[in-house]
Amino acid sequence: MSPPFIEAFLGDITELPVDAVVNAANSRLAGGGGVDGAIHRAAGVTELRAACATLGGCDPGDAKATPGFALPAPWIIHTVGPVWSGGHKGEPEILASCYRRCLAVADELGARSIAFPAISTGVYGYPPHLAAELAVATVSTAPSDIELVRLVAFDTETHALYLRFLRGGP
């Protein structure tokens, strides 16, 4: 296992031709707003909801897969990030577990490329600079057969954070 090539990408995660797209989901895997809603709409709401309903939900820090349906990616890996409560309730450990579990599930699927959104930085309130630093550190060191990791930003601020941490900046 060699470390994956990691790149920051600014754009729409639902359009990426990778093996697996990560969905920042809620624990019921029921669809919602932000990235979760966008992935459900792009994949096909009816099909994805039906597939998610068979999974029995997902605990924070865990990950589960469904087909990608209408996405260019053949797989969607759903993970539930932590709700930010000041960083003293295990949030960094839970967020790191999201990234590690997604990579492990991707390995089980035989995926070689994966795209991650900025997990927990939307309505869950995780500070973007802390989340970006943790994302880069975790995917850089987690054991995996993944060859390409795309850290996908929907906005220029998050993209700049990914670039900063990928270059080794503070």
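Basis for what follows: all heavy atoms, side chains included, without hydrogens, waters or symmetry-related copies.
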Mind checking whether [X] and [Y] sit in one hydrophobic cluster, side chains of I, L, V, M, F, W, Y counted as touching below 4.5 Å?
X	Y	value
V22	L103	yes
F165	V152	no
V80	V35	no
L161	W84	yes
I13	I77	no

Q: Supply the atom-to-atom distance C98 SG to E93 CD, rounded to the nearest 0.5 angstrom.
A: 12.0 Å

Q. How long is the gap from CD1 on I76 to CG on L71, to the nearest 0.5 Å?
A. 4.5 Å

**Q.** Qualifying salt bridge (Lys or Arg N to Asp or Glu O under 4.0 Å) pairs, either residue in residues 8-32, two or more places apart
**A.** none

Q | Of all pairs that satisfy salt bridge (Lys or Arg N to Asp or Glu O under 4.0 Å), the ones with a partner from residues 114-125, not counting sequence neighbours | A | none

Q: I would like to know whether I6 and V136 meet side-chain contact (heavy atoms from CB on, under 4.5 Å); could you show each step before the answer?
A: CA-CA 8 Å; I6 305 168; V136 170; 5.6 Å; no

(Q) Filter on side chain to side chain donor-acceptor pair (under 3.5 Å), then keep only pairs touching residues 40-69, sequence neighbours left out; what's left? (A) D36-H40, D62-R101, T66-H78

**Q.** Pair listing, side chain to side chain donor-acceptor pair (under 3.5 Å) test, anchored in residues 156-170, at least two apart
**A.** D155-T158

Q) Can you pull the ring pair (Phe, Tyr, Trp, His ring centres under 6.0 Å) pairs that have at least one residue in residues 4-23, sequence neighbours excluded? A) none

Q. When clusters are formed from ILVMFWY side-chain contacts under 4.5 Å, directly or step by step, what else is grouped with L55?
A. L29

Give the minimum heavy-atom separation between [X] and [Y], together with the two atoms involved.
X	Y	answer
A65	L109	CB-CD1, 3.8 Å
S97	G61	OG-O, 2.7 Å
S140	P3	O-CB, 4.5 Å
G81	P60	O-CB, 4.4 Å

Taking side chain to side chain contact (heavy atoms under 4.5 Å, CB included) as the definition, give me every residue that meets it alongside [X], ordered by chain and number, with sequence neighbours left out.
X	result
T141	none
P74	none
L134	P92, L95, A96, Y99, Y126, T138

Q: Would you please test V139 and I114 for side-chain contact (heavy atoms from CB on, under 4.5 Å) and show each step?
A: CA-CA 11 Å; V139 300; I114 190 169; over 6 Å; no

Q | Side-chain heavy atoms of V21 within contact of N23, under 4.5 Å | A | no

Q: Measure from the side-chain N and O atoms of E91 to the backbone N and O of S85, and report whether any donor-acceptor pair falls under 3.5 Å.
A: yes

Q) Does any N or O in the side chain of D107 come within less than 3.5 Å of the main-chain N or O of D145, such that one atom is a donor and the other an acceptor? A) yes

Which pairs would a plain distance check flag for residues 116-125, meaning a side-chain donor or acceptor within less than 3.5 Å of a matching protein atom at least two apart in sequence or in another chain?
| from | atom 1 | to | atom 2 | distance (Å) |
| --- | --- | --- | --- | --- |
| S120 | OG | P82 | O | 2.8 |
| T121 | OG1 | A118 | O | 2.8 |

Q: Mind checking side chain to side chain donor-acceptor pair (under 3.5 Å) for E7 and listing every partner two or more places apart, or none if nothing turns up?
A: R150

(Q) Applying ring-ring contact (aromatic ring centres under 6.0 Å, His included), can you list everything that pairs with W75, at least two apart in sequence or on another chain? (A) none

